[in-house]
**Student:** 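First the structure, then my questions, so here it is.
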Amino acid sequence: MELAARYEPQDKEAKWYKHWESKKYFRSTPDDREPFSIVIPPPNVTGVLHMGHMLNISIQDILCRHARQNGKNVCWVPGTDHASIATEAKVVKLLREQGIKKTDIGREAFLGHAFEWKEKYGGIILDQLKRLGASCDWERTRFTMEESLSEAVIKVFIDLYKKGKIYRGLRMTNWDPVALTALSNEEVLHREENSHLFHIKYKIEGTEDRYVVIATQRPETIMADVAIAVHPDDDRFKDLVGKKAIIPLIDRAIPIIADTYVDIEFGTGALKITPAHDQNDYEVGKRHNLEVIDILYANGTLNEKAQILVGEDRFEARKKIKGLLKDAEVLVELEQYRTSIGHSERTDAVVEPRLTFQWYLDMKEFCANALEVVEKGEVKFYPEHMSNMYNNWLKEENVRDWCISRQLWWGQQIPAWFYKEDVFVATTEEEALAQARAKYGDDIQATDLKRDEDVVDTWFSSWLWPISVFDGFDKQEELKYYYPTNVLVTGWDIIYLWVARMIMAGYEWAPELLGDQAAKGVQPFHEVYFTGMVRDSQRRKMSKSLGNSPDALALIDRYGADGVRFGMLSSGAAGNDIIFDAPIDKETKKALNESKLCDQGLNFGNKMWNALKLLKMWEVVAEPVSKETKVINELAGLWFENKINKVMGSIEKHMKVYRLSDALMELYKFIWGDFCSEYLEMIKPEYGKPIDEATLNRSLGFFGTLMSALHPFMPFVTEEIWHKLQDRKEGEDCCISSYPKSAEFDEALIKKVDGAIELISTIRKTRNEKGVKQKDPLKLYVQKTSGAEAFMAMVGLKDIISKLAYVEDIEFLEGDVPQNALPLVIGQEKFFLLINQTIDVAEEKTRLEADLKHLKGFVFGVEKKLSNERFVQNAPPQVIENERKKLADGQAKIKHIEESLGNLN
RNA sequence: GAGAGUAUAGCUCAGUUGGUUUAGAGCGAUGCCUUGACAGGGCAUAGGUCGGGGGUUCGAAUCCCUCUACUCUCACCA
């Protein structure tokens, strides 16, 4: 077989993905196996693959492939989210470029364009997931706005309305003046920004020279003022309460009122009350029965009620009014001020508090229940401390109702029809009409009803995702098999927006939908693995606008999916943010598409590829070429087999608690170190010599086992090597090979061979220090003790040492230590390496004395411990046993070193 | 303002209910090695009083208190 000099992932990855798909390995339908299900956190249809996805998808794929190899019926459901605001904004922009205005073409036509856009671009991200190797069941690809999922949303809306949990109300809401829609609190991101506090004086009505000075961040809203409030106990203003002040520039008189809401210490102690443009002012206004004057249009420009600066944007107006106030000589001071400003998560526009009618979901019960089930452990979080964040959000005093309506078209339209003052919630217009007629008489026609124009929040459909992807609201066979899903893998940043709400939805509807199967559990997932944010080397979140994120696909092109997966995984453990090591170009400040960690992954693939080449290059014969070779190969095989059994136990442990990077690192070291550096070197025939068939086959078997074990992490290179190792039958693929299991192992045997490896390493070190070439044959003596005899008696051990350390002979030492022999202490045994040069006595003495000092300190500590009665009484026997062994080892070593020092004199 | 997390080698991180040689890995650095699977390599070396201080314990990187620094979440006074 002709094998390339290097492993080139590019063409091989595409080939294997196609192969797996054609074999339908990722397809899942219910059967009698145990299910393992994961629903993908649906990326936005507008999205392109970024580093966050790569991490998240790699992890899910590892879990899925691992479960698949363990014989589970793995169902990983992919899909996309319609992302109402983001997508609508994108389509609106696209249409505008074509000279089309959304409002001109109407809802139907707009949705037509939007769906067209979705068909064209919506699948891009899913194809990109395939390049990473994601083993999703693509036949199950879902979309949050497809018919069946939308029906579920409507069903749920009506159900909640009937239960009295959904209501409509006039409230102060977070308004996005760019997207022209309300937002939920969770969609508003606060950022600290520099701002000014304008101190403005308002003249007191009926006086010539009395003023009251207020402080505000938003001078452009003074035209909407309806009062000035002071604290009732504030002596500075006591006599003003009940009088009126005059708004500058527009000369409107407003009352001065007293309210304890005002903070005496802050600003000037006098607060302008603007109920239309501030949540707190609205509350104050309500208490005092004040008028609400709204001076802003929905898009954030000033309307006629402002009287001045009409048509100006709110920020333009702020700049201009500053000049006007100055000219009017009422701007007393401009104070520097740092404050946090709410921005729309999707459009980044500064959020405007605005009084609107919206639909709300009462969250009290939902939150209490969601809190309880996590507390009880029905949903487990990894890492555990994420439950703190979760609890904090859900606890009673922080609960606020969820604003679920959005003034958009791209989404599920709210199933409500208005007639006069009434609203009728129903699945269809006919039903709504029937309800209306029941109340108002049969004269009412469908045309008299007006449907609510709004759609529901995107998250109001995604919170149903674990149920709706199985069409669970419609028919339940699949739901009963796959639900609850095993694990959710997602970023902690959407713990409130999504994770908590899915838990709520699960407990709300699953009991009824599952019926007799509800005993299995009604939670949407048993466990949640929170991934960290991917950050750059300066710990900034990777983002498009900063340009500090490497291009995900470019990384795959360069390092292969396996390399990138390795890089992502080795960056960090569950839940911690990961620092991705892509360097930043100094000039452009953009991230380069490079990564040492990914490079390490690529190199790892190459290393394994070369090990494959090695195994494939020898001539094969029936019997080992010599007796030494035979015993070496047999012992090496025994040792490695035991090591596999041991290591797999450790891997199992890691996998169980999602310590994926630990599992990967352990496999990496095992394959690179134990397999390539040790095992293969042990069995490697001398140059030009053949290998015996039994050893080769056993080695190929080991290699195959290693490929199975590594497959979930690096699926492509392992599949490639798996097939090159030996001829495989049709359908005998690494992808579905059973995952290696832990088994009994002989610890004593492992220790002995590991001891030999330590000796070999020490010999190499000594050669290095003394400038003796690694391959110059040397002679080695062992001091004869019962331990040494037992050690050397292991068949093949001596030959392994000879072979790997280039020692031509090993003899027991009975007489005096030969000239120019350097002492080496391994465990409690002492070896002498005979080198062909005179030993520098002084240098050797210094080295030994340093060792001695260190050892004596160590032994002293252990002795102190053991002579402490309370230690001996309290510590577990195992620990004491260990300490005794440490002491014995240390004392033996001290003895050896002292002897050697004696010999030097 | 309330809450949470983190601090261990030059860098990125492990260290799983306190006890396995006076703390480990990977990368990087340094030295040596190159016709023999692999320079995308081999062999080896040097780096840490576990953020500071105090306490509990026979025993602390690990538990408690306190201080410092950074990060995050939520709520915010115009």
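Below, chain A is the first sequence line, B the second, and so on; all start at residue 1.
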**Student:** If only atom types and distance count, is the side chain of A:D577 paired as donor or acceptor with the main-chain N or O of A:M533 below 3.5 Å?
**Tutor:** yes
**Student:** Distance between the C1' atoms of B:rG15 and B:rA23, in whole angstroms?
**Tutor:** 8 Å
**Student:** Under 3.5 Å, side chain of A:K803 to main-chain N/O of A:M682, donor-acceptor pair present?
**Tutor:** yes
**Student:** Contact class for A:N868 vs. all strands (heavy atom < 4.0 Å): base, sugar-phosphate, or nothing?
**Tutor:** sugar-phosphate
**Student:** Output yes when a side-chain donor or acceptor of A:R884 lies under 3.5 Å from a complementary backbone atom of A:I880, and no otherwise.
**Tutor:** no
**Student:** I want to verify a distance call: between B:rA37, B:rA4, B:rA78, whose nearest atom is closest to the A:D263 side chain?
**Tutor:** B:rA78
**Student:** How far does the P atom of B:rA2 sit from the matching atom of B:rG10, given to the nearest Å?
**Tutor:** 37 Å
**Student:** When rounded to the nearest Å, what value does the distance between C1' atoms of B:rC50 and B:rC63 take?
**Tutor:** 16 Å
**Student:** Looking at the side chain of A:A215, which of B:rA78, B:rA37, B:rG40 is the nearest nucleotide?
**Tutor:** B:rA78
**Student:** For A:F604, which contact category applies under a 4.0 Å heavy-atom criterion: base, sugar-phosphate, or nothing?
**Tutor:** nothing
**Student:** Just to be sure I understand the rule, does A:N606 reach a base, reach only the sugar-phosphate, or reach nothing, if contact means heavy atoms closer than 4.0 Å?
**Tutor:** base
**Student:** OP1 or OP2 of B:rU12 sitting under 4.0 Å from any side-chain N/O of A:S570?
**Tutor:** no
**Student:** Using a cut-off of strictly less than 4.0 Å, decide whether A:T339 has a side-chain nitrogen or oxygen near OP1 or OP2 of B:rA78.
**Tutor:** yes
**Student:** Counting Watson-Crick and G-U wobble pairs only, both distances under 3.5 Å, name the nucleotide matched with B:rU6, or none.
**Tutor:** B:rA69
**Student:** So, does A:R236 use its side chain to make a donor-acceptor pair with the main chain of A:V230 at under 3.5 Å?
**Tutor:** no
**Student:** Kindly say if A:K669 contacts the phosphate of B:rA25, meaning a side-chain N or O under 4.0 Å from OP1 or OP2.
**Tutor:** no
**Student:** Whole angstroms only, please: what is the CE-C1' distance between A:M714 and B:rG40?
**Tutor:** 12 Å
**Student:** Would one find a side-chain N or O of A:Y261 under 4.0 angstrom from OP1 or OP2 of B:rA78?
**Tutor:** no
**Student:** Using Watson-Crick or G-U wobble geometry with both distances below 3.5 Å, tell me the partner of B:rU56, or none.
**Tutor:** none
**Student:** Just the rounded figure in Å: distance from P of B:rC70 to NZ of A:K541.
**Tutor:** 20 Å
**Student:** Locate the shortest heavy-atom distance separating A:I222 from A:I200; write the atom from each residue and the value.
**Tutor:** CG2-CD1, 4.2 Å
**Student:** Would you please confirm or rule out a distance under 4.0 Å between OP1 or OP2 of B:rU21 and any side-chain N or O of A:N882?
**Tutor:** no
**Student:** Below the 4.0 Å mark, does B:rA75 have OP1 or OP2 next to a side-chain nitrogen or oxygen of A:R400?
**Tutor:** yes
**Student:** Using the P atom on both, measure B:rU17 against B:rU68 and round to a whole Å.
**Tutor:** 29 Å
**Student:** Could you let me know what B:rA39 is paired to, Watson-Crick or G-U wobble, both distances under 3.5 Å, or none if it's on its own?
**Tutor:** none
**Student:** Regarding A:K607 and A:N610, do their side chains bring together a donor and an acceptor under 3.5 Å, going by distance alone?
**Tutor:** no
**Student:** Looking only at side-chain atoms of A:Y687, point me to the closest of B:rG36, B:rC38, B:rU45.
**Tutor:** B:rG36
**Student:** Quick check against the 3.5 Å criterion: does A:D581 have a side-chain atom that pairs as donor or acceptor with the backbone of A:S595?
**Tutor:** no
**Student:** For RNA chain B, whose closest nucleotide is more 5', that of A:G267 or that of A:R870?
**Tutor:** A:R870
**Student:** If the cut-off is 4.0 Å, is A:R539 near the phosphate of B:rU12, judged by side-chain N/O to OP1 or OP2?
**Tutor:** yes
**Student:** Rounded to whole Å, how long is the line connecting atom CD of A:E769 with atom P of B:rC33?
**Tutor:** 16 Å
**Student:** For A:R314 and A:R218, indicate whether the former's side chain and the latter's backbone hold a donor-acceptor pair under 3.5 Å.
**Tutor:** no
**Student:** Using Watson-Crick or G-U wobble geometry with both distances below 3.5 Å, tell me the partner of B:rG18, or none.
**Tutor:** none
**Student:** Please give, in whole Å, the distance from B:rC27 P to A:L664 CG?
**Tutor:** 13 Å
**Student:** Looking at B:rA44, B:rC72, B:rC38, which one has an atom nearest to any side-chain atom of A:M389?
**Tutor:** B:rC72
**Student:** Considering only B:rC58, B:rU21, B:rU12, which nucleotide approaches the side chain of A:I579 most closely?
**Tutor:** B:rU12
**Student:** Considering only atom P, compute the distance from B:rG48 to B:rA25 and round it to an integer number of Å.
**Tutor:** 15 Å
**Student:** Can you tell me if the side-chain N/O atoms of A:W672 get under 4.0 Å from OP1 or OP2 in B:rA25?
**Tutor:** no
**Student:** Does A:M389 offer a backbone N or O that forms a donor-acceptor pair with the side chain of A:Y496 under 3.5 Å?
**Tutor:** yes
**Student:** Provide the distance between the two P atoms, one in B:rU49 and one in B:rG28, to the nearest whole Å.
**Tutor:** 24 Å
**Student:** If each of A:R659 and A:D889 is mapped to the nucleotide of RNA chain B with the nearest heavy atom, which maps nearer the 5' terminus, i.e. the 5' end?
**Tutor:** A:R659
**Student:** Please determine if a side-chain N or O atom of A:S761 lies less than 4.0 Å away from the OP1 or OP2 oxygen of B:rC43.
**Tutor:** no
**Student:** With respect to the side chain of A:N388, which nucleotide from B:rA4, B:rU34, B:rU20 is positioned closest?
**Tutor:** B:rA4
**Student:** Which nucleotide in the set B:rA44, B:rA14, B:rA25 lies at the smallest distance from any side-chain heavy atom of A:D662?
**Tutor:** B:rA14
**Student:** Under 4.0 Å, heavy atoms only, any strand: does A:K607 hit a base, just the sugar-phosphate, or nothing?
**Tutor:** base
**Student:** Taking atom C1' of B:rG59 as reference, at what distance in whole Å does atom CG of A:L866 sit?
**Tutor:** 12 Å
**Student:** Separation of A:K765 atom NZ from B:rC32 atom C1', in whole Å?
**Tutor:** 15 Å
**Student:** Please name the nucleotide paired to B:rU30 by Watson-Crick or G-U wobble geometry with both distances under 3.5 Å, or report none.
**Tutor:** B:rA44
**Student:** Once the angle between the rings of A:W672 and A:Y668 is folded into 0 to 90°, is it parallel (under 30°), tilted (30 to 60°) or perpendicular (over 60°)?
**Tutor:** tilted
**Student:** If I pick the C1' atom on B:rU45 and the same atom on B:rA9, what distance separates them, to the nearest angstrom?
**Tutor:** 14 Å
**Student:** Nearest-Å distance, CG (A:D674) to P (B:rA25)?
**Tutor:** 13 Å
**Student:** Glycosidic conformation of B:rG47, syn or anti, with 90° from 0 as the boundary?
**Tutor:** syn
**Student:** For a quick check of understanding: with a heavy-atom distance under 4.0 Å over all strands, which category does A:Y337 fall into, base, sugar-phosphate or nothing?
**Tutor:** sugar-phosphate
**Student:** Phosphate oxygens OP1/OP2 of B:rU71: is one of them under 4.0 Å from a side-chain N or O of A:R540?
**Tutor:** no
**Student:** B:rA37, B:rA4, B:rA44: which one has an atom nearest the side-chain heavy atoms of A:R764?
**Tutor:** B:rA44
**Student:** Mind checking the P distance from B:rG31 to B:rA46? Whole angstroms is fine.
**Tutor:** 15 Å
**Student:** Nearest whole Å is fine: how far is B:rC72 C1' from A:D493 CG?
**Tutor:** 11 Å
**Student:** What nucleotide among B:rC43, B:rC27, B:rA14 has an atom nearest to a side-chain atom of A:K596?
**Tutor:** B:rC27
**Student:** Among the candidates B:rA78, B:rU73, B:rA4, find the nucleotide nearest to the side-chain atoms of A:W492.
**Tutor:** B:rU73
**Student:** Looking at the base of B:rA37, is there any donor atom on it, or on the side chain of A:E681, that sits under 3.5 Å from an acceptor on the other one?
**Tutor:** yes
**Student:** Name the nucleic acid region contacted by A:T268, choosing base, sugar-phosphate or nothing; use a 4.0 angstrom heavy-atom cut-off, strictly under.
**Tutor:** nothing
